[in-house]
Amino acid sequence: MSLKTAYEPFFKIGAAISRWDLKTPSRVELIKEEFSSLTAENDMKPFAFLDEETNLAHPELYNTAPAIRTDNAKPYLEFARDNGIPLRGHNLVWHNQTPKWFFYRNYDMEGKLADRDLMLARLEHYIRSVLEYVQTEYPGVIYAWDVVNEAVDEGDFRKSLWLETVGKDFVIKAFEFARKYAAPGVALFYNDYETAQEWKRDFIIKEILKPLMERGLVDGMGMQSHLLMDHPGMEEYRTALKMYGALGLEIHITELDMHNADPSEESMHRLAERYGELFSLLVSAKKKGKANITSVTFWNLLDETSWLSGFRRETSYPLLFHGDCEKKEAYYKVLEVCQQK
Ligand code: GLA
């Protein structure tokens, strides 16, 4: 039994992977064995698709129609196609990992910021180019896109260059363009972190999801789910899941991990228990029709490759596999939970 087979009746099980994972035979085996969805950890983000050299060298040609490069994304698209594992596209619009020059007139950071019309032209052209490339060269490989990532912060729309140049309807515009160019059946998601937090949950529902739903532009809510060992509480998480679920959208858990800096056996046991609780909650919400969860993705493959050690500045042991792709107690717990139900 593997994760993907055990969870097949409920939802896809995914992992965020890097180009190094795809070059490491033991990790490739693990991916093929256990996972039914993949996300490129970094290589399909705006900084990876935007062709800096070409745009900056010829701004007169590309000012309204940014050039893209496809070499970063290609290995993932090929691997996914060749192995029949669908991809989540991550992500089209984000304040982070998007080059600053993208927001300036003529891509010149010594000049002025682009105005709304120029940014909307670039946004449409960028989304169109990326979607047309993946859909033409790799039809059917990408089943969902995080169209906008992390637009909410500190009780409001996040202060970002997107907000500054376009205004808060950059979210709606991004989804309009994504809907216009996405192939039928490709699901469009809004994705964010701390989505169980009460104010953020309510803001996302009211200011992002509902306006998008009224316009028929969104198919799903992405709950990143970078969790701590004691936060959020499971009740808080369950409430949020139900509230997003009640909107009738698909739910993806897009970036699951649980920061844990203590590798002792006891602590890894607590990690397993917390994963157990979370997966029981997810399976039960799905079974009871409370939330249409269709995909659950772990953010990274192994403890050793987790982004958390860098981000938290302490070694983290947050995942189901470690070392040479060995299974941890948490792996067996996650498997067991779904077979019990
Ligand atoms: C956010 C982003 C991801 C990734 C993680 C950290 O959650 O959505 O793409 O960058 O941060 O790795």
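As the structure lists them, so they are numbered: ligands from 1, and atoms in each ligand from 1. Just so it is clear, the model here is predicted, and its values are computed rather than measured.
Taking every non-hydrogen atom of His90 and a distance limit under 4.0 Å, the qualifying atoms of ligand 1 come out as 2 (C), 3 (C), 8 (O), 9 (O). Under a 4.0 Å criterion applied to the non-hydrogen atoms of Asn149, ligand 1 contributes the atoms 2 (C), 8 (O). Each of the following atoms of ligand 1 lies closer than 4.0 Å to a heavy atom of Trp307: 6 (C), 12 (O).
When only interatomic distances are considered, the shortest N/O to N/O separation between Lys45 and ligand 1 falls below 3.5 Å. Residue Asn42 places no N or O, backbone or side chain, under 3.5 Å from any N or O of ligand 1. Remark: ligand 1 and Trp299 share an N or O pair separated by less than 3.5 Å (distance only, no angle test). The distance criterion of under 3.5 Å between nitrogen or oxygen atoms is met by His226 with respect to ligand 1.
Taking atom 5 (C) of ligand 1 as the reference point, the nearest protein heavy-atom neighbour is Glu255 OE1, 3.6 Å.
For Phe311, the heavy-atom gap to ligand 1 stays at 4.0 angstrom or more.
Taking the six-membered ring where the residue is Trp, Tyr275 and Phe279 present tilted rings, their angle falling between 30° and 60°. By the 30° and 60° cut-offs, the orientation of the rings of Tyr107 relative to Phe102 is parallel.
Here the CG-CG distance, from Asp257 to Leu227, works out to 7.5 Å after rounding to the nearest 0.5 Å.
A cation-pi contact links Lys200 to Tyr193, judged by a cut-off of 6.0 Å to the six-membered ring centre and 45° from its axis.
Partner of Asn42 under the side-chain hydrogen bond (donor to acceptor under 3.5 Å, both in side chains) criterion, chosen from His90, Gln97, Arg19: Gln97.
A donor and an acceptor atom, one from each side chain of Tyr143 and Ser37, are located under 3.5 Å apart. When only modelled atom types and interatomic distance are considered, Asn91 and Lys45 share no side-chain donor-acceptor pair under 3.5 Å.
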